[in-house]
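Source: prediction; values computed, not measured.
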Amino acid sequence: MSVIVLVEHSQGVFKKKSLEAIQYAANIAKSMGTTVTAVATGNVGNSEMQALGQYGAQKVLHTTDTRLDNFNSRAYTKVMLAAAQKESAKVIVGLHDTVGKAVSPRVAARLKAGLVAGAVSYPDLSKGFVVKKNAFAGKAFAFVNITSDVKVITLMPNTFPVVKGEGSAAVENLDVTFEDKDFSIQVVEVSKASGSVPLSEAELVVSGGRGMKGPENWGVLEDLAKELGAATACSRPVADSHWRPHNEHVGQTGGTIRPNLYIAAGISGAIQHLAGVNGSKTIVVINKDPEAPFFKAADYGVLGDVMEVLPRLTEAVKKFKAAHS
Amino acid sequence: MKILVCISQVPDTTTKIAFSDNNTTFSSAGVTYIINPYDEWYALVRALELKETGVATDVHLVTVGKADAEPVIRKALALGGDEAIRIDIESNDTYLVAAQIAEYAKTVGYDLVLCGKESIDYNNGAVGAMVAELLDMNYLGFAAKIDIAGTTATVKREIEGGEETDSCALPLVISCQKGVAEARIPNMRGIMAARTKPLKVVAPAAIDALSTIVSYEMPPAKSGVKMISAENMDELVALLHTEAKVI
Ligand SMILES: Cc1cc2nc3c(=O)[nH]c(=O)nc-3n(C[C@H](O)[C@H](O)[C@H](O)COP(=O)(O)OP(=O)(O)OC[C@H]3O[C@@H](n4cnc5c(N)ncnc54)[C@H](O)[C@@H]3O)c2cc1C
Ligand SMILES: Nc1ncnc2c1ncn2[C@@H]1O[C@H](COP(=O)(O)O)[C@@H](O)[C@H]1O
């Protein structure tokens, strides 16, 4: 019996959200009186894997087949199934991201395990195995009880703060038997967005709407994002008008994000926009219309013209950083 | 080539969400149900385009749900498609839904299964990948563009921090999002035609749900916005540091 968790790295460095997933899995394991095994693939160093112990992993199962360097859900499902069998896994944790959303349901289907997708709480074991999850695009939460013996959870990234502790994980090799068909998807082309911080992982996000008036005005928004180390996002009409790339579009039909800070500049706050961002911990709204609906969903509001407020805010952040460095 | 499009019914995007019976039941009173936008605008329309261009021979639509799901699947048929299948069981567990679809799909043998990237009610984004596993097929999630030539699909899709184009032999399951197609409006001819198109009601396979929703909760109400003077961005930064603790 154990809890296993799939972890992702970028060029040999584990992603913060994967550390969060390990810590999450470790806390579940503790309440069940068992241990956590992380499952890692590809080219990642031993010391990096051992360091996962600082977040609660007792063991890391590592599989190195180079064909896994291109993610594909079928092969990764085999990896997780092999790990689940080896560890007699009772709970299987992944992230609610593009990788986890492709692998976890497959693993769940294969093991006939109930799935909670997009968890935002620890399971409540006093009532069975009840996990809180996002529903109705952030307008509500649902509490889902998994009734099968094995349980699969995808954790919403950025739900719990990551705390580094002590410990070192034991690294073991994981043998997985693949078939040719597990690698039958050919990658033709990959293009990574040039932005420094990927939106889905960003803790701080500066976002612009139609109130920015045109793509030529985005400089003031990007300056602020750069000063904060934030990612940039936008409303749907902005992406539809090609002012900004489509991968920046957030909302019901775009990406769902839950950063610590979401700064919305010149965005009215339509319900479909809020659907993608109202999980943000703190929301700052800059709008020249006091009646803009977004103010109702905001923690801090600034009534004013984005072209004046954004540069002032950038200056204030600069000053703050100078004083705190 | 046969395509199966998975259609789910969801509350309209502007629905005011409310619960009854001590927060254990979703209140459907006054709620308008629509086709899940990702299924309608992207998966279904792309399937229709593939039929119109002669790539696909058959486009079938499937929904897992009780009789109350019928108006929505009829609406989908009005956009196009040759026949619709309703698998007659309550659809409240992801595994149950996926396994019902997979069982039905096996009886027909589809080359391509299209679904939406997620249903906008429970936001799981899980049915497509589960169906793929149960049918032992490849799965490509978050497609933004789908082309089929012969028996090979070329799919541009979202990956973490960017985009990837993949090529893969059919059969295949793909989840669709923005970019795959342009939304269509049903016309009178389609609506009339849909009336005579077959809507098969299929008895569910013996499959147990593996989860149940026990209750709901509304997010805590925001304590109210704190307005900061546009002249005083230092104060905003200070509050973000000391009060919100986000910078
Ligand atoms: C089914 C459906 C799905 C949708 N999905 C999405 C989605 O995923 N994401 C999304 O964003 N939208 C989505 N929409 C669209 C959504 O309803 C809104 O139309 C959209 O969010 C509005 O974008 P906006 O706030 O940028 O523009 P607007 O509504 O035009 O608002 C612009 C705002 O900027 C303010 N402003 C103007 N000039 C200035 C200035 N100089 N300084 C400060 N403020 C200024 C105005 O007061 C106004 O509040 C969807 C709609 C539908 C029907
Ligand atoms: N009850 C259902 N019947 C048919 N297809 C469904 C059903 N529920 C979900 N789907 C399909 O699966 C996709 C993902 O849904 P979900 O995993 O529920 O977020 C949807 O966009 C639909 O295409």
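Interface remark: of the candidates A/A137, A/A270, A/G304, A/A137 forms the most heavy-atom pairs closer than 4.5 Å to chain B. The greatest number of non-hydrogen atom pairs below 4.5 Å with chain B, out of A/G114, A/A108, A/A316, is found for A/A316. Among A/A117, A/S10, A/A142, A/P105, the residue making the largest number of heavy-atom pairs under 4.5 Å with chain B is A/P105. Among A/S104, A/A102, A/G118, the residue with the largest count of heavy-atom pairs under 4.5 Å with chain B is A/A102. Between chain B and the options A/L313, A/I286, A/L261, A/I271, heavy-atom pairs under 4.5 Å are most frequent for A/L313.
For the pair A/R74 (side chain) and B/Y139 (backbone), a donor-acceptor distance under 3.5 Å is absent.
In this structure, chain B has heavy atoms under 4.5 Å from both the backbone and the side chain of A/K139. Contacts of A/A113 with chain B are made by backbone atoms alone, with heavy-atom separations under 4.5 Å and no side-chain atom involved. Both the backbone and the side chain of A/L303 come within contact range of chain B, with heavy atoms under 4.5 Å apart. Of the atoms belonging to A/K288, not a single heavy atom falls under 4.5 Å from chain B. Both the backbone and the side chain of A/E189 come within contact range of chain B, judged by heavy atoms closer than 4.5 Å. Both the backbone and the side chain of A/K181 come within less than 4.5 Å of a heavy atom in chain B. Of the atoms belonging to A/E8, it is side-chain heavy atoms, and not backbone ones, that fall under 4.5 Å from chain B. Residue A/V284 touches chain B through its side chain alone, counting heavy-atom pairs closer than 4.5 Å.
Between the side chains of B/S211 and A/N145, not a single donor N or O lies within less than 3.5 Å of an accepting N or O.
With respect to the salt-bridge test (charged N to carboxylate O, under 4.0 angstrom), the residues B/E163 and A/K192 do not qualify. With salt bridges taken as basic N to acidic carboxylate O contacts below 4.0 Å, none links B/K226 and A/D299. A/R106 has no carboxylate O lying under 4.0 Å from a charged side-chain N of B/D136, or vice versa, which leaves the two without a salt bridge.
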